[in-house]
Amino acid sequence: MEQLPIVYEDNQYIAINKPAGVLVHKTPLEKDPEALFAVQILENQVGYKVYPLHRIDRPTTGVLLFGKSAQAASAIQSQFIDNSIKKYYLAVVRGYLPEAHGMIDHPLAKDLEFVLQEAKTEYWALNQCEVPFASTGRYPSSRYSLAKVYPHTGRMHQIRRHFAHLRHYIIGDTTHGDNRQNKFFTSQFQLENMLLHAWELSFHQPFSNETITINANTPLHFRRIMAEFKWPEKEISNHLV
């Protein structure tokens with residue numbers, strides 16, 4: 001990968017639309033010699049050191065924000081700590097969601113261990129469809145929903161684990177998802193990626209005192225499924241304003 005798509009830049013901050021399969025930064029847990037790291041790629045691309053301000057899971061796409069200096073990174077960190085930064089996601093999940101607008105309030109184990117932490121995820125059902133294919137063998141057709149998601153807390157894999165808790169698994173999630181659904185999407189739609197996208201991020205720019213809102217277009221694999229399900233992109237954008 002030679003270039004990352006830059007979706008925002010000012011004197012202190014820069015943001016990319018992270019592709020699927022790219023890690024944010026190097027970690028001792030990552031043993032793959034061919035792993036790609038957003039920090040390293042972006043630094044090579046822009047020619048200076050960048051400071052990642054938050055994480056996005058490797059299979060998740062979308063807005064990823066960096067500071068251009070240690071001072072810029074430090075000036076904004078409190079907004080991540082107190083959750084004043086707003087992050088909205090798009091997700092395709094199994095089944096019809098139980099409510100048009102709901103809150104998943106379910107504690108999650110810290111780092112997948114046994115210490116529970118408060119975790120809240122808000123969602124809005126934007127669209128739904130039923131396709132005339134059996135994905136599990138139980139029913140002759142299959143139902144899916146497109147959701148706008150706002151995590152009020154920032155736990156590890158929170159959105160993925162919360163929708164798994166509801167049994168409305170995110171399509172393409174190989175860790176917390178439904179393997180039967182994943183296999184169905186691979187065979188029926190040739191999908192090899194997870195359908196979770198960090199669509200929007202808003203923050204207070206501490207140096208200019210502005211409110212900045214950054215959007216990242218959905219990736220090709222996400223748009224392809226939306227087209228298969230006849231979910232118009234223009235209609236989705238109207239819901240997200």
Side-chain angles (χ1 to χ4, degrees), residues 20 56-57 59-63 83 85-108 118-136 138-155 157-182 184-185 188-189 191 193-202 213-241:
I56 298 182
D57 297 337
T60 304
T61 55
V63 180
N83 294 314
I85 286 185
K86 306 300 183 187
K87 292 183 284 184
Y88 290 95
Y89 292 74
L90 291 175
V92 178
V93 304
R94 183 192 72 85
Y96 289 174
L97 289 166
E99 299 174 280
H101 175 210
M103 179 76 76
I104 308 170
D105 186 352
H106 177 69
L108 295 173
E118 177 190 26
K120 293 182 179 181
T121 301
E122 191 172 4
Y123 69 83
W124 295 260
L126 300 184
N127 219 324
Q128 59 188 32
C129 76
E130 185 168 358
V131 296
F133 304 108
S135 58
T136 64
R138 292 184 63 189
Y139 305 102
S141 61
S142 304
R143 293 176 171 182
Y144 301 96
S145 296
L146 176 69
K148 171 184 172 181
V149 185
Y150 174 60
H152 287 259
T153 49
R155 310 308 178 199
H157 296 182
Q158 176 175 311
I159 296 173
R160 298 160 66 180
R161 294 161 73 191
H162 265 171
F163 279 97
H165 172 70
L166 293 186
R167 298 179 64 82
H168 289 286
Y169 304 99
I170 293 177
I171 302 303
D173 185 349
T174 58
T175 304
H176 306 287
D178 183 336
N179 284 334
R180 292 174 301 175
Q181 293 295 333
N182 296 342
F184 168 69
F185 270 75
Q188 187 65 40
F189 304 113
L191 179 74
N193 299 101
M194 184 171 69
L195 296 178
L196 179 62
H197 177 69
W199 182 81
E200 181 176 288
L201 183 147
S202 295
T213 298
I214 306 168
N215 292 102
N217 291 334
T218 51
L220 178 61
H221 63 266
F222 206 115
R223 296 197 301 274
R224 197 161 50 79
I225 296 301
M226 287 174 58
E228 290 277 0
F229 290 173
K230 296 180 170 55
W231 291 336
E233 280 193 81
K234 183 177 179 180
E235 180 184 330
I236 302 307
S237 297
N238 291 339
H239 281 289
L240 295 171
V241 172

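Bear in mind the structure is a predicted one, so any value in this text is a computation, not a measurement.
How far CZ of R160 is from OG1 of T175: 4.5 Å, rounded to the nearest 0.5 Å. Rounding to the nearest 0.5 angstrom, the gap separating the CG atom in L90 from the CH2 atom in W124 is 11.5 Å. With values rounded to the nearest 0.5 angstrom, D178 atom CG is found 10.0 Å from D173 atom CG. Between atom CD1 of residue I171 and atom CD1 of residue I225 there is a gap of 9.0 Å, rounded to the nearest 0.5 Å. Annotation: the span from K120 atom NZ to Q158 atom CD amounts to 11.0 Å, rounded to 0.5 Å. The structure places CH2 of W231 at 9.0 Å from CD of Q128, a figure rounded to the nearest 0.5 Å.
Considering L146, N193, L191 as possible partners of F222, the one that fulfils the side-chain contact (heavy atoms from CB on, under 4.5 Å) test is L146. Among I159, V149, N182, T60, the single residue meeting the side-chain contact (heavy atoms from CB on, under 4.5 Å) criterion with I170 is I159.
Aromatic ring orientation, Y144 versus F184: parallel (interplanar angle below 30°, classes split at 30° and 60°). A tilted orientation is assigned to the rings of F189 and F185, their planes being inclined by 30° to 60°.
Two residues are said to be in side-chain contact when any heavy atoms from C-beta on lie closer than 4.5 Å; L195 and H221 meet this criterion. Between H101 and E122, some side-chain heavy-atom pair lies under the 4.5 Å cut-off. Two residues are said to be in side-chain contact when any heavy atoms from C-beta on lie closer than 4.5 Å; E228 and Q188 fail this criterion. Residues F163 and L97 are in side-chain contact: their nearest non-hydrogen atoms beyond the backbone lie under 4.5 Å apart. You'll find the side chain of C129 stays beyond 4.5 Å of the side chain of N127, heavy atoms only. Side-chain contact check for K87 versus V63: every heavy-atom pair is 4.5 Å or farther apart.
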Could you walk me through whether H152 and Y150 pass the side-chain contact (heavy atoms from CB on, under 4.5 Å) check?
CA-CA 6 Å; H152 287 259; Y150 174 60; 3.3 Å; yes
Is there a side-chain contact (heavy atoms from CB on, under 4.5 Å) between H162 and L108? Walk through the geometry before answering.
CA-CA 8 Å; H162 265 171; L108 295 173; 4.0 Å; yes
What donor-acceptor contacts under 3.5 angstrom involve side-chain atoms of residues 213-220, with partners at least two apart or in another chain?
residue: T213; atom: OG1; partner: S202; partner atom: OG; Å: 2.9
residue: N215; atom: ND2; partner: E200; partner atom: OE1; Å: 3.0

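Scanning both residues, M103 and Y123, for their nearest heavy atoms gives N-CE2, 4.2 Å. Across G172 and M194, no two heavy atoms sit closer than the pair O-CB, 3.6 Å. Shown here for R94 and Q181, the closest heavy-atom pair between the two residues is CD-NE2, 3.6 Å.
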